[in-house]
Amino acid sequence: MPERPVKISDCPRLPTMTVTTRFAPSPTGYLHIGGARTALFSYLYAKRHSGRYLLRIEDTDRERSTDEAVQAIFDGLRWLGLESDVNPPPFQTQRFDRYKEVIAQMLEAGTAYHCYASKAELDEMRTAQMARKEKPRYDGRWRPEPGKILPTPPAGITPVVRFRNPVEGEVIVDDIIKGAIVFANAELDDLIIARGDGTPTYNFCVVVDDWDMGVTHVVRGDDHVNNTPRQINILKALGATPPVYGHVPMILGADGVKLSKRHGAVSVIDYRALGFMPEALLNYLVRLGWSYGDQELFTRDEMIQLFDLERVQKAPARFDMEKAVWVNHQFLKTADPAIVAPEFDWHLRHVGVDPANGPAVVPVIEAQRERCKTLAEMADKSKFFYAELEGYNEKDAAKHFTAEAAVLLDELRARLEALPEWSTLTLHETVNGFAAEKGLNLAKVAQPIRVAIAGMAITPPIDVTLFLLGRDRSLSRLQAAVAYSAAKVGGG
RNA sequence: GCUCCUAUCGUCUAGAGGCCUAGGACGGAGCCCUCUCAAGGCUUAAACCCGGGUUCGAAUCCCGGUAGGAGCGCCA
């Protein structure tokens, strides 16, 4: 993969500044998969440049913010391993004094002013503008201008505070992903930075927070591009240097429509239940909108090593569950089983089975990972190692528990019982030898054994399966199957 | 309506003016291997939104369409 000669990311404007990124969700619901990718990109970019990655909770909307949502965000990020470099993270509601201080300064400096227009008045204004096919925006009726005479403040109304946006010139957002985006100041109206009750609003808090936290690179969803010029103007009014912005496009559902609950799993934590390993989900996510030549699989270190905001796609991408599952499978097949073990353990409990009541999970993972793309599937197909059979798969039993098989199973059971040693080697020799002796294809023997000991015709290689299940369980299940077959055949 | 953004196989993408007869991956189809299911190997179908320009040469640069999307709150 050829490197481009010069990268903006390698030449920061302020070489001595530590790269600082942040992920700033508002706790109004679960951690969305799109949010997780934004967090990933922020994290990767910071780590790539030996910088800091921070979390911030944007809870200024007290109506919709909940403690449960805060917890969901923490849980999701912890599961993914995208935890903040600074803990606990700042909450905006804890910083109201600071915001008020800055607002007071701006009022003093004349970069902000009081506006007494009521909501009803503003609604009326917007409807009229829409009717005239204009962009709905504040008309500046309370904006002080040299020589302008302001109306008398109405009694009994607490004013909001508006930012006094420049009316001339333009703002250039030099987006690291999208390139330069130009906005005319004339298009921007005077946004509210403090509500009637004195609480600050989002666009303002973001600016102050990013400034105070020393954020150098703002990575966020591209639904924020239109906010960016205003935020830059506020920063300039404050005398601060704006950060570098990178707006990442959204993640769409398979049908090309904005991802929603209707598409199934949207919350990060849903992917755990689906059987994804966090590293694999991250791997899929990093490739959704970013690439490094033809490489599909990345370790976390490689991601950190290679990630680059400049190579992030400008167009939205669709979430493809099939490919995500493929990536997960690749991870499962090659990862150190010890890393998979805790998650697999979680899944076994999730399907109602006690991991202590059976073989060690590591060899089970090694035996199953070739045929299981997700841990949910692996847990489901491994239940029989840890709990008694709940019955046989109907089709499999009908197909493999023939009269002939019952005889075979009975004879084989006796041979296995006589085995002095229960190992994959002795098991392999016994079963294969038995089939050869009878002049049968191994499948003829192995399939009935599978159904007998696992309840279904899909298991790892038969010798491995018998070994992992153990002598006692194998023998008793074989016996039960013989009885079952005999009854079935005998009973017609 | 206004502002802003985007456009390569079904999907994720490579592509930085000649290396493109457009590459890889998922998914699809076929074959091989095989104790089940898988895994693996091989083969294969499948795309530059349209129209103009610039250039000896355009998927790539420019302009215009078209189509999608985002934003236009005392939400974040």
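Computed from heavy atoms alone, side chains included, the values below leave out hydrogens, waters and symmetry copies. Below, chain A is the first sequence line, B the second, and so on; all start at residue 1. Computed from a predicted structure; not experimentally measured.
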So which nucleotide from [options] ends up closest to the side chain of [X]?
{"X": "Lys135(A)", "options": "rA76(B), rC72(B), rU6(B)", "result": "rC72(B)"}
{"X": "Asn226(A)", "options": "rC74(B), rC5(B), rA70(B)", "result": "rA70(B)"}
{"X": "Gln313(A)", "options": "rA70(B), rG73(B), rA14(B)", "result": "rA14(B)"}
{"X": "Lys258(A)", "options": "rA70(B), rG23(B), rG1(B)", "result": "rA70(B)"}

Considering every strand and a 4.0 Å limit on heavy-atom distances, what is the contact class for [X]: base, sugar-phosphate, or nothing?
{"X": "Thr60(A)", "answer": "sugar-phosphate"}
{"X": "Ala117(A)", "answer": "base"}
{"X": "Asp59(A)", "answer": "nothing"}
{"X": "Phe319(A)", "answer": "nothing"}
{"X": "Gly289(A)", "answer": "sugar-phosphate"}
{"X": "Lys119(A)", "answer": "base"}
{"X": "Val325(A)", "answer": "nothing"}

Base paired to [N] (Watson-Crick or G-U; both N/O distances under 3.5 angstrom):
{"N": "rC31(B)", "answer": "rG41(B)"}
{"N": "rC2(B)", "answer": "rG71(B)"}
{"N": "rU60(B)", "answer": "none"}
{"N": "rC9(B)", "answer": "none"}
{"N": "rU21(B)", "answer": "none"}

Provide the distance between the two [atom1] atoms, one in [N] and one in [M], to the nearest whole Å.
{"N": "rG41(B)", "M": "rG18(B)", "atom1": "C1'", "answer": "36 Å"}
{"N": "rU55(B)", "M": "rU43(B)", "atom1": "C1'", "answer": "40 Å"}
{"N": "rC9(B)", "M": "rA59(B)", "atom1": "C1'", "answer": "14 Å"}
{"N": "rG68(B)", "M": "rU8(B)", "atom1": "P", "answer": "15 Å"}
{"N": "rU6(B)", "M": "rC49(B)", "atom1": "P", "answer": "15 Å"}
{"N": "rG53(B)", "M": "rU60(B)", "atom1": "P", "answer": "14 Å"}
{"N": "rA58(B)", "M": "rC19(B)", "atom1": "C1'", "answer": "15 Å"}

Task: Pair Tyr202(A) and His224(A), ring centroids less than 6.0 Å apart - done: yes
Open item on the list: Could you check whether Trp290(A) and Phe307(A) have their ring centres less than 6.0 Å apart?
Closed with: yes
Nucleotide [N], atom [atom2] - distance to [atom1] of [X] in whole Å:
{"X": "Phe183(A)", "N": "rG71(B)", "atom1": "CZ", "atom2": "P", "value": "13 Å"}
{"X": "Arg132(A)", "N": "rC72(B)", "atom1": "CZ", "atom2": "C1'", "value": "15 Å"}
{"X": "Glu58(A)", "N": "rA76(B)", "atom1": "CD", "atom2": "C1'", "value": "7 Å"}
{"X": "Ile232(A)", "N": "rC4(B)", "atom1": "CD1", "atom2": "C1'", "value": "14 Å"}
{"X": "Leu288(A)", "N": "rA14(B)", "atom1": "CG", "atom2": "P", "value": "12 Å"}
{"X": "Phe298(A)", "N": "rU13(B)", "atom1": "CZ", "atom2": "C1'", "value": "11 Å"}
{"X": "Leu191(A)", "N": "rA76(B)", "atom1": "CG", "atom2": "C1'", "value": "13 Å"}
{"X": "Asp308(A)", "N": "rA14(B)", "atom1": "CG", "atom2": "P", "value": "12 Å"}

TODO: Output all residues satisfying ring-ring contact (aromatic ring centres under 6.0 Å, His included) with Tyr284(A), sequence neighbours left out; order by chain, then residue number.
DONE: Phe319(A)
- [ ] With RNA chain B as reference, determine whether Val225(A) or Met130(A) sits nearer its 5' end, using the nearest nucleotide of each.
- [x] Met130(A)
TODO: Could you say whether Glu187(A) or Val160(A) is positioned toward the 5' end of RNA chain B, judged by the nucleotide with the nearest heavy atom to each?
DONE: Glu187(A)
Open item on the list: Taking donor-acceptor contacts at under 3.5 Å, does the side chain of Asp223(A) reach the base of rG71(B)?
Closed with: no
Open item on the list: What I want to check is whether an N or O donor and acceptor connect the side chain of Glu296(A) with the base of rG24(B) at under 3.5 Å.
Closed with: yes
Looking at [X], does any N or O in its side chain come under 4.0 Å of the phosphate oxygens OP1/OP2 on [N]?
{"X": "Arg318(A)", "N": "rA7(B)", "result": "no"}
{"X": "Thr28(A)", "N": "rA76(B)", "result": "no"}
{"X": "Arg126(A)", "N": "rG73(B)", "result": "yes"}

Open item on the list: Around atom CD of Glu168(A), are there more than 12 heavy atoms from other residues, nucleotides or ligands closer than 6.0 Å?
Closed with: no
Is a donor on one side and an acceptor on the other found under 3.5 Å between the side chain of [X] and the backbone of [Y]?
{"X": "Arg220(A)", "Y": "Tyr245(A)", "answer": "no"}
{"X": "Glu121(A)", "Y": "Ala117(A)", "answer": "no"}
{"X": "Arg369(A)", "Y": "Leu332(A)", "answer": "yes"}
{"X": "Arg162(A)", "Y": "Cys115(A)", "answer": "no"}
{"X": "Asn283(A)", "Y": "Leu297(A)", "answer": "no"}

- [ ] Heavy atoms under 4.0 Å is the rule here; annotate nucleotides 27-40 of chain B 5' to 3' with B where the base is hit, S where only the sugar-phosphate is, and - elsewhere.
- [x] S-------BBBBSS
- [ ] State, with a plain yes or no, whether a side-chain heavy atom of Asp463(A) is found less than 4.5 Å away from one of Val431(A).
- [x] no
- [ ] Determine the sole option in Lys135(A), Arg141(A), Arg137(A) for which the salt bridge (charged side-chain N to carboxylate O under 4.0 Å, His left out) test with Asp139(A) is passed.
- [x] Arg141(A)
